[in-house]
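Here's the structure we're looking at; comments come further down.
All ligand and atom numbering here is 1-based and tracks the order in the structure.
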Amino acid sequence: MSDCLFCKILDGEIPADIVFESDTAIAFRDINPQASTHVLIIPRKHIATLNDIEADDEGIVGSLYSAARVIAAAEGIADEGYRAVMNCNAAAGQTVFHIHLHLLGGRALSWPPG
Ligand code: AMP
Ligand code: ZN
């Protein structure tokens with residue numbers, strides 16, 4: 001998608017602090033971090049929202065969680081705990097319409113989120 005911010009990061013048109021890459025996903029640090037670890041994990045395939053995930057995408061979406069596990073271990077937050085969440089559409093605060101898992105950790109996270 002030519003007008004998608006995260007596709008531009010995938011294409012190298014916009015710089016990002018990339019911390020993980022696989023065949024199906026990449027991850028980079030959030031530009032406005034909400035915790036000491038705040039990484040966004042995105043599929044290489046452009047999928048706009050969680051509502052647009054298709055049955056064939058299950059492997060790709062699963063790979064986002066596998067990436068979260070690897071990154072949490074690398075960040076040293078796996079044992080203390082962390083959160084991996086995906087916002088969908090306006091009421092949840094989604095602002096970039098290329099799905100992304102927020103990996104947040106390094107501080108106590110309240111529940112429920114606001
Ligand atoms: P969401 O509100 O769930 O769509 O999350 C979008 C996230 O993308 C926000 O946490 C932003 O801070 C983050 N973000 C926006 N632009 C960039 C960028 N150029 N590089 C890294 N993160 C970004
Ligand atoms: Zn995209």
Side-chain angles (χ1 to χ4, degrees):
M1 284 274 290
S2 58
D3 61 347
C4 170
L5 176 65
F6 287 173
C7 282
K8 287 179 180 170
I9 288 176
L10 279 162
D11 290 344
E13 285 178 52
I14 292 177
D17 184 0
I18 293 170
V19 298
F20 175 93
E21 292 188 75
S22 74
D23 287 351
T24 54
I26 73 163
F28 49 89
R29 295 195 189 280
D30 196 291
I31 205 167
N32 183 24
Q34 301 302 309
S36 53
T37 292
H38 188 176
V39 169
L40 303 176
I41 306 163
I42 73 171
R44 292 188 184 276
K45 178 182 177 183
H46 179 90
I47 301 169
T49 79
L50 200 156
N51 290 336
D52 300 300
I53 293 169
E54 298 172 346
D56 282 353
D57 298 327
E58 286 178 0
I60 291 173
V61 175
S63 79
L64 304 182
Y65 285 91
S66 293
R69 185 193 71 239
V70 170
I71 297 162
E75 294 281 311
I77 58 172
D79 289 340
E80 69 192 51
Y82 58 94
R83 189 168 291 157
V85 290
M86 191 180 293
N87 298 324
C88 182
N89 278 338
Q94 185 177 6
T95 59
V96 179
F97 289 85
H98 179 134
I99 60 168
H100 46 282
L101 205 55
H102 290 261
L103 173 61
L104 294 148
R107 67 171 172 84
L109 299 164
S110 60
W111 189 264

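Val85 and Leu101 are assigned to two separate hydrophobic clusters, defined by single-linkage of ILVMFWY side chains at heavy-atom distances under 4.5 Å. Grouping the Ile, Leu, Val, Met, Phe, Trp and Tyr side chains by contacts below 4.5 angstrom, directly or via other members, places Ile18 apart from Val39.
Applying the 6.0 Å contact sphere to CG of Asp23 captures no more than 12 heavy atoms from other residues, nucleotides or ligands.
Between Leu5 and ligand 1, no N or O atom pair is found at a separation short of 3.5 Å. For Val96, a nitrogen or oxygen atom sits less than 3.5 Å from a nitrogen or oxygen atom of ligand 1, counting backbone and side chain alike. Looking at His100 next to ligand 1, an N or O pair under 3.5 Å apart turns up. Residue contacts with ligand 1: His38 is placed with no nitrogen or oxygen under 3.5 Å of a nitrogen or oxygen of the ligand (distance criterion only). In terms of polar-atom proximity, defined here as any N/O pair under 3.5 Å, Asn87 does make such a contact with ligand 1.
The ND1 atom of His98 and the SG atom of Cys7 meet at the Zn ion (ligand 2) at an angle of about 110°, given to 10°.
At least one donor-acceptor pair closer than 3.5 Å links the side chain of Gln94 to the backbone N or O of Val96. Looking at His98, its side chain does come within 3.5 Å of a backbone N or O of Pro43 through a donor-acceptor pair. Using modelled atom types, no side-chain atom of Arg44 and backbone atom of Ile60 make a donor-acceptor pair closer than 3.5 Å.
Of the protein's heavy atoms, Asp30 OD2, 3.3 Å lies nearest to atom 9 (C) of ligand 1. If you check which protein heavy atom lies closest to atom 23 (C) of ligand 1, you get Ile31 CG2, 3.5 Å. For atom 4 (O) of ligand 1, the closest non-hydrogen atom of the protein is Thr95 N, 2.7 Å. Considering only non-hydrogen protein atoms, atom 8 (O) of ligand 1 sits nearest to Leu40 CD1, 3.5 Å.
For the pair Gly93 and ligand 1, a heavy-atom separation below 4.0 Å is found. At least one heavy atom of His102 lies less than 4.0 angstrom from ligand 1. Proximity of Gln34 to ligand 1 is not established, as no heavy-atom distance is less than 4.0 Å.
For His46, the N/O/S atom at the shortest distance from the Zn ion (ligand 2) is named ND1.
Two rings, from His102 and His100, have their centers less than 6.0 Å apart.
The Phe6 neighbourhood of ligand 1 comprises atoms 8 (O), with distances under 4.0 Å to a heavy atom of that residue.
Proximity of Arg69 to Ile71: side-chain heavy atoms (C-beta onward) are nowhere separated by under 4.5 Å. Within the 4.5 Å cutoff, side-chain heavy atoms of Ile42 are placed close to those of Phe28. Looking at Thr37 and Tyr82, their side chains never come closer than 4.5 Å, going by heavy atoms from C-beta outward.
At a 4.0 Å heavy-atom cut-off, ligand 1 does not touch Phe97 at all.
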